[in-house]
Amino acid sequence: MNENKSKKSGLSFSSGIGSSSLLVIFVILCLVSFATLSIVSANADYKLSKKVLDRTSAYYTAEGQAQAALAALDAELAALYADSSSETAYFNAAKEERSYTFPLSDMQSLKVSVRIQYPKKTGDTFYSISSWQVVITGELEYEGTLNVIK
């Protein structure tokens, strides 16, 4: 008699293959979406790492050029010091300050400024570094509109 009631109402629940298949399909879709997100994230990290590598390499190349320029300046100032008869003659030949600029990219450069010094005793330096900084040398371009709140 119970069999007739379930046939009459038209309701029959079976927990067979259908629900487990849906669960497997859902799990597979989740795994595929997480895999896609992982690939996209890894690609973005790789591109960022390449940019950082290029920027760091450019900076250390410019720093090496700056160190070479300072070594040449040191040799030049030592020769001027040996050849000059007075502090005034030394500064007339050497100037008071010098600046060097070494490109990092189209937009940035390493700028080194040094202040020339007259050594008072043996072992004193010929210059002191007054600034060592990365400066923006290019124009920034903005594509879009700026909304200014008044």
Side-chain angles (χ1 to χ4, degrees), residues 11-150:
L11 297 173
S12 68
F13 295 105
S14 67
S15 61
I17 297 175
S19 61
S20 63
S21 296
L22 288 175
L23 181 63
V24 168
I25 290 171
F26 177 73
V27 168
I28 289 173
L29 287 175
C30 288
L31 290 175
V32 168
S33 63
F34 288 139
T36 304
L37 289 173
S38 296
I39 290 171
V40 169
S41 176
N43 190 30
D45 288 346
Y46 174 74
K47 288 179 181 178
L48 179 62
S49 296
K50 289 281 285 176
K51 286 181 182 179
V52 169
L53 173 70
D54 293 342
R55 168 68 169 76
T56 303
S57 297
Y59 179 80
Y60 283 118
T61 300
E63 184 179 7
Q65 293 170 347
Q67 293 292 343
L70 291 178
L73 175 65
D74 198 40
E76 177 190 341
L77 293 175
L80 286 174
Y81 178 74
D83 293 342
S84 65
S85 58
S86 68
E87 187 174 341
T88 306
Y90 174 78
F91 279 115
N92 285 339
K95 300 181 187 174
E96 295 274 330
E97 191 170 317
R98 293 193 189 178
S99 292
Y100 302 93
T101 304
F102 306 96
L104 294 174
S105 67
D106 296 340
M107 298 292 295
Q108 293 181 328
S109 295
L110 176 64
K111 183 176 180 185
V112 178
S113 298
V114 294
R115 185 176 312 274
I116 307 300
Q117 299 174 344
Y118 186 79
K120 301 292 183 188
K121 61 181 186 223
T122 305
D124 284 352
T125 59
F126 293 107
Y127 64 87
S128 65
I129 298 172
S130 55
S131 73
W132 184 288
Q133 61 186 355
V134 175
V135 293
I136 296 175
T137 55
E139 292 264 338
L140 293 174
E141 294 181 15
Y142 178 74
E143 295 179 10
T145 59
L146 291 175
N147 295 328
V148 178
I149 299 173
K150 293 182 181 182

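FYI, side chains are in, hydrogens and waters are out, and symmetry mates aren't considered; it's all heavy atoms of this structure.
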Between [atom1] of [X] and [atom2] of [Y], what distance do you get to the nearest 0.5 Å?
X      : Y      : atom1 : atom2 : answer
Leu104 : Thr137 : CG    : OG1   : 8.0 Å
Gln108 : Ile136 : CD    : CD1   : 6.0 Å
Asp74  : Tyr81  : CG    : OH    : 13.0 Å
Arg98  : Ile116 : CZ    : CD1   : 5.0 Å
Ser38  : Asn43  : OG    : CG    : 12.5 Å
Ser33  : Leu31  : OG    : CG    : 7.5 Å

*Please report the closest heavy-atom contact between Pro103 and Ser109, naming both atoms and the distance.*
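What the structure gives for the nearest pair is CA-OG, 3.7 Å.
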*Nearest atoms (heavy-atom pairs only) where Ala62 meets Phe102*: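 Reported closest heavy-atom pair: CB-CB, 3.9 Å.
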*Any sub-3.5 Å donor-acceptor pair from Thr56's side-chain atoms to Leu53's backbone N or O?*
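Side chain of Thr56 to backbone of Leu53: no pair is present.
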*Ignoring hydrogens and angles, state whether a donor on the side chain of Glu97 or Ser113 is under 3.5 Å from an acceptor on the partner side chain.*
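Result is no, nothing qualifies.
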Tell me, do [X] and [Y] make a side-chain contact under 4.5 Å, heavy atoms counted?
X      : Y      : answer
Gln117 : Asp124 : no
Leu110 : Trp132 : yes
Leu77  : Tyr90  : yes
Tyr127 : Leu70  : yes
Arg55  : Ser105 : no
Leu80  : Phe126 : no

*Check the surroundings of atom CG in Asp45: do more than 12 heavy atoms from other residues, nucleotides or ligands lie under 6.0 Å from it?*
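Counting other residues, nucleotides and ligands, CG of Asp45 exceeds 12 neighbours.
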